[in-house]
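In this chain, residues are counted from 1 in sequence order. Heavy atoms only: backbone and side chains are in, while hydrogens, waters and symmetry mates are out.
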Amino acid sequence: MEGKGKVNGVAAMAACYQGFDPAAYLQYNYTPPRADFERKDSIVPWKLACLHRAFTEGDVRGELLVDIGSGPTLYQVLSGCEVFNKVLLTDFLEVNRQELRGWLEDEGGCNLDWTPYLQHVCELEGRRPSAWTEKAAKLRQVITDIVPVDVHRPQPLALDALPSEGADCLVSCFCLESVSPDLAAFTRALGHIGRLLRTGGHLLLIGALGESYYFGGPGVRIPVVPLNEAQVCASLKESGYTLIRLEVYTLPQDMRVGVDDVSGVFFVKAIKE
């Protein structure tokens with residue numbers, strides 16, 4: 001019975017995502033005030049700074065970076081594309097993979113202009129904002145594919161998606177807690193994606209703290225596992241990771257814009273044992 005409950009919970013989560021609207025999600029979370037590059041306390045610049053620091057400290061390196069649960073967003077690989085020769089994007093939903101392909105193929109029609117993000121990361125890297133066109137070209141050059149992923153499967157990607165030794169680094173942002181029916185499923189998913197990572201490879205994880213739901217579109221209310229810092233650390237340890245750093249961001253009141261009940265965000269840098 002327990003196994004059946006696990007399957008039913010995961011299936012219920014998948015059903016929640018059938019109405020997911022990439023355009024609405026991007027509007028809710030990746031425009032001001034949450035993406036205000038003039039404010040130091042805005043959530044998106046904080047995330048970009050965490051990722052920039054992690055990718056430029058010198059220990060995160062290799063050939064292949066895999067983004068687990070990309071959603072319709074690109075910000076999470078803007079720093080990593082300067083470190084890795086190959087970047088693989090993944091998502092469970094075809095609508096999100098289509099959104100990413102729209103940007104990759106550069107044919108217009110994307111639901112968000114990523115130019116301010118590219119410019120901001122160029123500034124973090126000590127370059128002029130005008131270098132954003134070079135960064136965009138670099139990102140398009142190193143993205144090798146956009147493929148389906150299911151973090152609830154013991155083998156989340158197709159067997160031929162990765163080299164036998166695994167990826168050198170995984171990045172995953174707001175995915176695992178948002179697609180898991182409970183804390184146990186979140187922890188199992190962490191273990192599943194760890195099988196994609198080589199021993200000694202790094203995991204860069206960003207997620208929500210204290211969040212029980214978010215809107216994936218108008219009227220599309222999606223449940224989330226409400227995590228705290230201790231639970232994140234315990235799940236990482238149980239799943240075979242050694243924590244290097246945990247950082248926490250607390251949402252200012254005006255960032256609580258009614259599209260979720262998130263209270264904070266965590267950033268984790270960890271290594272696979």
Side-chain angles (χ1 to χ4, degrees), residues 6-31 34-35 44 47 65-78 87-114 117 139-140 143-162 167 170-182 185-186 188-190 192-193 196 204-208 211-225 259-260 262:
K6 291 178 185 177
V7 172
N8 289 345
V10 168
M13 285 301 305
C16 289
Y17 276 88
Q18 293 312 301
F20 187 87
D21 181 346
Y25 174 79
L26 290 166
Q27 179 65 35
Y28 296 160
N29 295 287
Y30 294 97
T31 61
R34 291 188 169 184
V44 166
K47 291 187 289 185
L65 168 66
V66 179
D67 181 25
I68 301 294
S70 304
T73 66
L74 289 162
Y75 70 91
Q76 60 274 25
V77 293
L78 296 185
V87 174
L88 180 66
L89 304 181
T90 74
D91 201 71
F92 182 73
L93 295 177
E94 171 59 23
V95 288
N96 285 335
R97 299 195 299 269
Q98 189 60 43
E99 176 75 21
L100 296 171
R101 282 194 289 267
W103 183 86
L104 186 62
E105 293 161 9
D106 199 16
E107 295 177 352
C110 289
N111 285 299
L112 189 72
D113 179 8
W114 292 103
Y117 288 73
L139 183 56
R140 288 189 171 100
I143 292 175
T144 58
D145 210 347
I146 303 165
V147 301
V149 67
D150 185 344
V151 300
H152 297 303
R153 292 180 179 271
Q155 180 63 37
L157 293 175
L159 288 173
D160 60 352
L162 299 181
L170 301 181
V171 60
S172 187
C173 299
F174 302 104
C175 172
L176 304 186
E177 73 279 10
S178 301
V179 300
S180 297
D182 50 39
F186 169 83
R188 284 194 299 273
L190 264 177
H192 292 163
I193 68 171
L196 306 173
L204 305 179
L205 189 67
I206 293 179
E211 182 177 44
S212 67
Y213 76 91
Y214 78 97
F215 283 103
V220 182
R221 185 182 171 110
I222 297 175
V224 180
V225 180
V259 297
D260 52 43
V262 64

Could you measure the distance from the [atom1] atom of [X] to the [atom2] atom of [Y]? Nearest 0.5 Å is fine.
X      : Y      : atom1 : atom2 : result
Asn96  : Leu26  : CG    : CG    : 8.0 Å
Leu89  : Asp67  : CG    : CG    : 6.0 Å
Thr73  : Tyr25  : OG1   : OH    : 6.0 Å
Ile68  : Leu88  : CD1   : CG    : 7.5 Å
Asp145 : Arg101 : CG    : CZ    : 8.5 Å

Do the side chains of [Y] and [X] get nearer than 4.5 Å, heavy atoms only?
X      : Y      : answer
Val262 : Val224 : no
Leu176 : Ile193 : yes
Trp103 : Arg140 : yes
Ile222 : Val220 : yes
Phe174 : Lys47  : yes
Leu196 : Pro156 : yes
Leu205 : Leu190 : yes
Glu99  : Asp91  : no

Quick one: closest heavy-atom pair of [X] and [Y], and the distance?
X      : Y      : answer
Gly69  : Thr90  : N-OG1, 3.1 Å
Pro154 : His192 : CA-CD2, 3.6 Å
Ser70  : Leu100 : CB-CD1, 3.7 Å
Pro148 : Leu157 : O-CD2, 3.3 Å
Gln76  : Cys173 : CB-SG, 3.6 Å

Apply side-chain contact (heavy atoms from CB on, under 4.5 Å) to the pair Leu74 and Leu112, showing each step before the final yes or no.
CA-CA 10 Å; Leu74 289 162; Leu112 189 72; over 6 Å; no
Return yes if some donor-acceptor pair links the side-chain N/O of Arg34 with the main-chain N/O of Asn29 below 3.5 Å, else return no.
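Checked: no pair found.
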Sub-3.5 Å donor-acceptor pair from the side chain of Tyr117 to the main-chain atoms of Tyr30, do we have one?
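Such a contact is found between Tyr117 side chain and Tyr30 backbone.
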Mind checking what makes ring pair (Phe, Tyr, Trp, His ring centres under 6.0 Å) contact with Phe92, not counting sequence neighbours?
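With neighbours one apart ignored, the set is empty.
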Those residues that, when tested against Arg221, pass side chain to side chain donor-acceptor pair (under 3.5 Å) (two or more places apart):
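Residues passing side chain to side chain donor-acceptor pair (under 3.5 Å) with Arg221: none at all.
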Which atom pairs, donor and acceptor, lie under 3.5 Å between side-chain atoms of residues 10-21 and protein residues at least two apart or in another chain?
unit_1	atom_1	unit_2	atom_2	d
Tyr17	OH	Ser178	O	2.7
Tyr17	OH	Tyr214	OH	2.8
Gln18	NE2	Ala14	O	3.1
Asp21	OD1	Ala23	N	3.1
Asp21	OD1	Ala24	N	3.3

